[in-house]
Amino acid sequence: MSDSNTTNFTNPSIFILLGIPGLEAAYIWISIPFCAMYTIAVLGNFTILFIVKRERSLHEPMSYFLCMLAITDLVISTSTVPKMLSIFLFNSREISFSACLTQMYFIHSFSAMESGILVAMVFDRYVAICNPLRYSTTLTNSVVAKIGLAVVLRSGILALPYPFLARQWPYCRTNIIPHSYCGHMAVVKLACADIRISSYYGLFDLFSEIGMDVFFITVSYTQILRAIFRLPTKDARLKTFGTCISHLCAILALYIPDLFSSLTQRFGHNVPLHFLVLIVSVYLLVPPVLHPIIYGVRTKQIRGRLLQLFTHKET
């Protein structure tokens, strides 16, 4: 711990994650909801993967995208929560420089990947509702695989500069990170250099990925709603719109916490640090927890398979 204070080093061998500064006395109590949320996220997303694999009626494009979303949620939560819990429960605050940069890459790449998968899902809904006769010929297994590959490559490549930019800065003041995980800006703010390149790239990545995704989702749902309102009966409109509810809930579960987190970090100057860090920490867990619940409740085949599993256990 001797190098955790102000000292002279270019690349520290370790960083010190403080967790949630100011709430150290409540770490045991804070760990309980985090552990519960992580358990729900892991069990829920593994259940989605298991059911889609076993249920042949779910071997369709939307379910494949749902599996991609489940894998992404598992990676995001597993790359952050175990380290958070080790801080809360065992005061294990040290993280190596390389591990910190690796965690940074996984957080930024898979968060963007999650957004890209939601765009792929809205494309599925767009084709199914606006061009239903072309659905089977448009969204073939080959096309689904190419879309998935494009999402992975886009997110993976655009997230690469984050650890490389963070590695190049000299850290000559402190290696103490007042957060519970290694976010890009949380790390580079420790550098004793002009980090405007890192800040500008973060904004570029935000607008080029999340901004474009939100724009595409908005345009697509405008077309979808126009197609729904052209249906002849109210029952047909409600039934068709019902197929979009799960996806809309998944979008809200991702973008609302993300927007709230971004706004509080940039404009919440009068907000206590411990509240900001707590919000940012929880925000990473909200989508992985809610997505399997949303699709488990709203998808008939998944709900039926779950009931069947529990019924077999009881008998």
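For the numbers below, each heavy atom of this structure counts, side chains included, while hydrogens, waters and symmetry mates do not.
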Show the atom names and distances, to 0.1 Å, of all donor-acceptor pairs under 3.5 Å that link a side chain in residues 61-71 to residues at least two apart or in another chain.
residue : atom : partner : partner atom : Å
S63     : OG   : L58     : O            : 2.9

(Q) Would you call the rings of Y126 and F123 parallel, tilted or perpendicular, taking 30° and 60° as the class edges? (A) parallel
Q. For the residue pair F110 and F106, does the interplanar ring angle fall in the parallel (under 30°), tilted (30 to 60°) or perpendicular (over 60°) class?
A. parallel
Q | side chain to side chain donor-acceptor pair (under 3.5 Å) contacts in which one or both residues fall within residues 67-79, not counting sequence neighbours | A | Y38-T78, D73-H291
Q | Pairing residues for S136 by the side-chain contact (heavy atoms from CB on, under 4.5 Å) criterion, not counting sequence neighbours | A | none
Q.
Checking F216 now: which residues fulfil side-chain contact (heavy atoms from CB on, under 4.5 Å) with it, not counting sequence neighbours?
A. V119, V122, S220
Test item: [X] and [Y] side chains (from C-beta on) under 4.5 Å apart, heavy atoms:
{"X": "T47", "Y": "P292", "value": "no"}
{"X": "Y27", "Y": "L89", "value": "no"}
{"X": "F97", "Y": "R167", "value": "yes"}
{"X": "Y181", "Y": "M84", "value": "yes"}

Output side-chain donor-acceptor pairs under 3.5 Å for residues 223-240, partner residues at least two apart or in another chain, one line each.
residue : atom : partner : partner atom : Å
T233    : OG1  : A236    : N            : 3.2
R237    : NH1  : L231    : O            : 2.9
T240    : OG1  : A236    : O            : 2.8

Q.
Looking at I197, I want to see if its CD1 is surrounded by more than 12 non-hydrogen atoms of other residues, nucleotides or ligands under 6.0 Å.
A. no
Q.
Please report the interatomic distance CD(Q103) to SG(C182), rounded to the nearest 0.5 Å.
A. 5.0 Å
**Q.** Distance (rounded to the nearest 0.5 Å) between I195 CD1 and Q168 CD
**A.** 11.0 Å
Q) Is the closest side-chain donor-acceptor distance between S109 and Y162 under 3.5 Å? A) no
Q | Contacts of Y221 that satisfy ring-ring contact (aromatic ring centres under 6.0 Å, His included) - sequence neighbours left out | A | H247
